[in-house]
Amino acid sequence: MNPDNTELLKQINTPADLRKLQVSELPQVCDEIRHFIINTLAHNPGHFGSSMGAVELTVALHYVFDTPYDRIVWDVGHQAYGHKILTERRDRFYTCRKLNGLSGFPNPAESEYDAFIAGHASNSISAALGMAIATQLKHEQKERKVIAVIGDASIAGGLAFEGLNNASISPNNLLIILNDNDMAIDHNVGGLNEYLVNITTSKSYNKLRYDAYRTLRKLNLIDDEHRGAILRFNNSLKALLTKQQNIFEGLNIRYFGPIDGHNVVNIVNKLNDIKDMTGPKILHLRTIKGKGYAPAEKEPTIWHAPGCFNPETGDRITVTEEQKPPKFQDVFGLTLVELAKKNDKITVITPAMPTGSSTCFMMEKFPERSFDVGISEEHAVTFAAGLAKEGLQPFCSIYSTFLQRGFDEVIHDVAIQNLPVTFCIDRAGLVGEDGVTHHGAFDMCYLRCIPNMTIAAPMDEHYLRHLMYTAQLSDRGPFAIRYPRGCGSHVDWECPMHEIPIGKGRKLYDGNEIAVLSIGTAGVAARQAVERARKTGVKAALYDMIFVKPIDEEILHEVAQKYKRIITVEDGCITGGFGSAVLEFISDNGYTPHIKRIGIPDKFIAQGTVKELHQLCGIDEENIYSVIIGNW
């Protein structure tokens, strides 16, 4: 097919337009959506593989259901590009993940077709269940259908199981679509399995099943109280015939599948058969991540978000820069291996991010001490606590935005017992194009209030290594090290490591009148601004504080006594973060300098490049320089 040939797609601005087509035309629509995604994302990078694998499902859902009145709750959101294309956003899709453009994830603020926010995994079933029950309580004239679409292994997340459990005991008509592209929940058993799928999703079978139930009720042989027993008997009979069992039927949720997730006509038929059934139900689709693009099907991990590529050849386009500094995540991963070679107590835990966090280096060298626990941040934290309780030294590598979900476990299972778990907080600060749901804005704020917690942030790769070395020494207790997405500033990053005294920062420049206090890699822009100001005669001092908690009180006494103006710089939320810690100390000790805080403002930040977002939030060199030389 010609990549520019989108004959049918050009006619579809809304799902209502899609529903005007014949079912036989839907495969062509799917082909055109795939080509549209390929040719757009080749030049404007985004999440590729998941959306390619969900095309038929997306088309079928919007064809069968009356969206946006009917609700589709996506989980995870990066499988929803086809959804955006079909819902009035095709002409703006080229702006996806760009500043002032479309979000890379469903967001109700962007479109009425986006039923719920979808940046983190495993929330769809709980949210959709709430919406389904709300529909019943509101007694709307037309019954609203609510569908949860859960994929990319999100079903393994703890929140998903909590939602399933509640769905099984609450009166509701929720439909759950399991987009299974990587995990075997049920084994295929050939012809018999397909036969049972066809029977149990057919209208005639279900009418027979319902008529039998109604007859038994009239004869007073069963009532609503015992309806669950009948459903369990039905599920047991099906399990006996298929020689298999699954968790959904164990929870008394009607289960259909697995079926081919790339046969759009069959999916439409199955959805039409089951959409009006009462009670919770789940349709299991087997799909291929990256479907329709051979390079993505062959290497789905790489093509989850491949960057720019040649759409004709599949060759990924990379900018080769000699002597380019490595990514912080790689420095972390390689340094951890270096430390683990000398310390056999070191283990590493990651929740489904071995490549993204570079824990894959440790997994290759020390597989017996490396654990990928899946999309289970709460479990990752408590599992690490269990390892630490028995004398090991776990490094728990979690993206900042995902560690939020393990907050209770950090307090209850790690901090109260003062266990030596090192939290390596990747993607701290503004992460760029992934946008509002993925920025690591809050970790300093939500960790700073926890007793026993040490919180540090390196300005560069050398100090990341020093902090990791320090954290694995004995008797350190809970230790958090935060670092950003992307490259550092040193090509020669493999420096000898040494211990850093806990709670001690460093003075980079002495000065007069004004002092700049920075934390983490925000100090790079602060340093550039200070050096620029000093060339103009403004002798600003600069301190790299290194630790947010415990904060270096010796430096703070010095600064508060010597300087009339103090500027704090951080790449975290300004409310309750590093600058707030400085303000608290100044106030508690009766000092009266004028303090200006620079950081992420008290609002949610949308997508854009990291450079654009730093400028937007004033964390860039130009704004810091303006504050240094300004009158305030």
For this session: Run the ring-centre check on Tyr293 versus Phe309 and record whether the distance is less than 6.0 Å.
Result: yes
Exercise. Side chains of Thr58 and His83: is there a donor and an acceptor less than 3.5 Å apart?
Worked result: no
Problem set entry | Carboxylate-amine/guanidinium proximity below 4.0 Å for Asp70 and Arg144 | no
Exercise. Is the backbone of Gly151 close enough, under 3.5 Å, to the side chain of Ser154 for a donor and an acceptor to pair up by distance?
Worked result: yes
For this session: Report yes if some heavy atom in the side chain of Leu102 is under 4.5 Å from a heavy atom in the side chain of Arg89; otherwise report no.
Result: yes
Problem set entry | Donor + acceptor pair across side chains of Gln79, Asn181 (<3.5 Å) | no
Exercise. So which heavy atom on Thr278 is nearest to which on Asn173, and how close?
Worked result: CA-OD1, 3.2 Å
Seminar exercise, completed: Here the pair of heavy atoms bringing Ile267 nearest to Gly261 is CD1-O, 3.4 Å
Problem set entry | Note, Ile259 side chain near Asn263 side chain (heavy atom, < 4.5 Å) | no
Problem set entry | Test of ring centre spacing under 6.0 Å for Phe48 and His78 | no
Problem set entry | Minimum side-chain heavy-atom gap Arg286-His262 below 4.5 Å | no
Problem set entry | All salt bridge (charged side-chain N to carboxylate O under 4.0 Å, His left out) counterparts of Glu88, not counting sequence neighbours | none
Problem set entry | Donor-acceptor side-chain pairing of Asn44 and Thr40 below 3.5 angstrom | no
Problem set entry | side-chain contact (heavy atoms from CB on, under 4.5 Å) assessment of His62 paired with Ile72 | CA-CA 9 Å; His62 282 295; Ile72 302 175; 3.8 Å; yes
Seminar exercise, completed: Tested for side-chain contact (heavy atoms from CB on, under 4.5 Å) against Thr350, the lone hit among Ile398, Asp372, Thr355 is Asp372
Exercise. Which pair of heavy atoms, one from Glu32 and one from Leu8, lies closest together, and at what distance?
Worked result: OE1-N, 3.0 Å
Exercise. Which pair of non-hydrogen atoms, one from Ser357 and one from Ser397, has the smallest distance, and what is that distance?
Worked result: CB-OG, 3.3 Å
Problem set entry | Interatomic spacing from CG in Asp426 to OG1 in Thr401 - rounded to 0.5 Å | 12.0 Å
Exercise. Under a 4.0 Å N-O cut-off, is there an ion pair linking Glu110 with Lys84?
Worked result: yes
For this session: Indicate yes or no: does Lys145 engage Asp66 in a salt bridge with an N to O separation below 4.0 Å.
Result: no
For this session: Please work out which of the three classes, parallel, tilted or perpendicular, describes the rings of His120 and His438, given edges at 30° and 60°.
Result: perpendicular
Exercise. Under a 4.5 Å cut-off applied to non-hydrogen side-chain atoms, are Leu285 and Ile177 in contact?
Worked result: yes
For this session: Check the pair Ser168, Asn252 against side chain to side chain donor-acceptor pair (under 3.5 Å), reporting the backbone distance first and the verdict last.
Result: CA-CA 6 Å; Ser168 71; Asn252 296 330; over 6 Å; no
Problem set entry | CA sep, side-chain torsions, deciding dist, call: Asp315, Thr313, side chain to side chain donor-acceptor pair (under 3.5 Å) | CA-CA 5 Å; Asp315 294 333; Thr313 65; 3.1 Å; yes
Exercise. Do Glu433 and Lys98 come close enough that some side-chain heavy atom pair is under 4.5 Å?
Worked result: no
Exercise. Less than 4.5 Å apart, any side-chain heavy atom of Phe105 and any of Gln607?
Worked result: no
For this session: Verify whether one side chain among Arg485 and Gln329 offers a donor that lies under 3.5 Å from an acceptor in the other.
Result: no
Exercise. Is the closest side-chain heavy-atom distance between Thr87 and Asn13 below 4.5 Å?
Worked result: no
Exercise. When you look at OH of Tyr69, are more than 12 heavy atoms from neighbouring residues, nucleotides or ligands closer to it than 6.0 Å?
Worked result: yes
For this session: Fit a plane to each ring of Phe442 and Phe604, take the angle between them on a 0 to 90° scale, and name the class: parallel (under 30°), tilted (30 to 60°) or perpendicular (over 60°).
Result: perpendicular
Exercise. Is there a donor-acceptor contact under 3.5 Å linking the side chains of Asn179 and Thr287?
Worked result: yes
Problem set entry | Backbone of Arg92 reached by a side-chain donor or acceptor of Thr95 within 3.5 Å | yes
Exercise. So, are Glu56 and Arg34 salt-bridged, with charged N and O less than 4.0 Å apart?
Worked result: yes
For this session: Please report the shortest heavy-atom distance between Pro351 and Ser376, naming the atom on each side.
Result: CB-N, 4.1 Å
Problem set entry | Residue pair Asp413, Thr382: steps toward the side chain to side chain donor-acceptor pair (under 3.5 Å) verdict | CA-CA 6 Å; Asp413 299 334; Thr382 302; 2.6 Å; yes
For this session: Side-chain contact test, heavy atoms from C-beta onward, threshold under 4.5 Å: evaluate it for Val381 versus Leu403 and give yes or no.
Result: yes
Exercise. Asp260 and Asn266: side-chain contact (heavy atoms from CB on, under 4.5 Å), yes or no, with the steps?
Worked result: CA-CA 8 Å; Asp260 180 2; Asn266 191 38; 5.5 Å; no
Exercise. With Ala16, which residues qualify under side chain to side chain contact (heavy atoms under 4.5 Å, CB included), at least two apart?
Worked result: Thr14, Arg19
Problem set entry | Ring centre gap for Trp74 and Phe116 strictly below 6.0 Å | no
Exercise. What's the spacing between His304 NE2 and Ser51 OG if we round to 0.5 Å?
Worked result: 9.5 Å
Exercise. Between Cys308 and His43, what is the shortest heavy-atom contact and its length?
Worked result: SG-O, 3.8 Å
Problem set entry | Test side chain to side chain donor-acceptor pair (under 3.5 Å) applied to Asn107 and Ser103, step by step | CA-CA 7 Å; Asn107 188 338; Ser103 167; 5.0 Å; no
For this session: Under the salt bridge (Lys or Arg N to Asp or Glu O under 4.0 Å) rule, what do Lys270 and Asp273 come out as? Steps first, then yes or no, please.
Result: CA-CA 5 Å; Lys270 294 297 183 287; Asp273 285 343; 5.4 Å; no
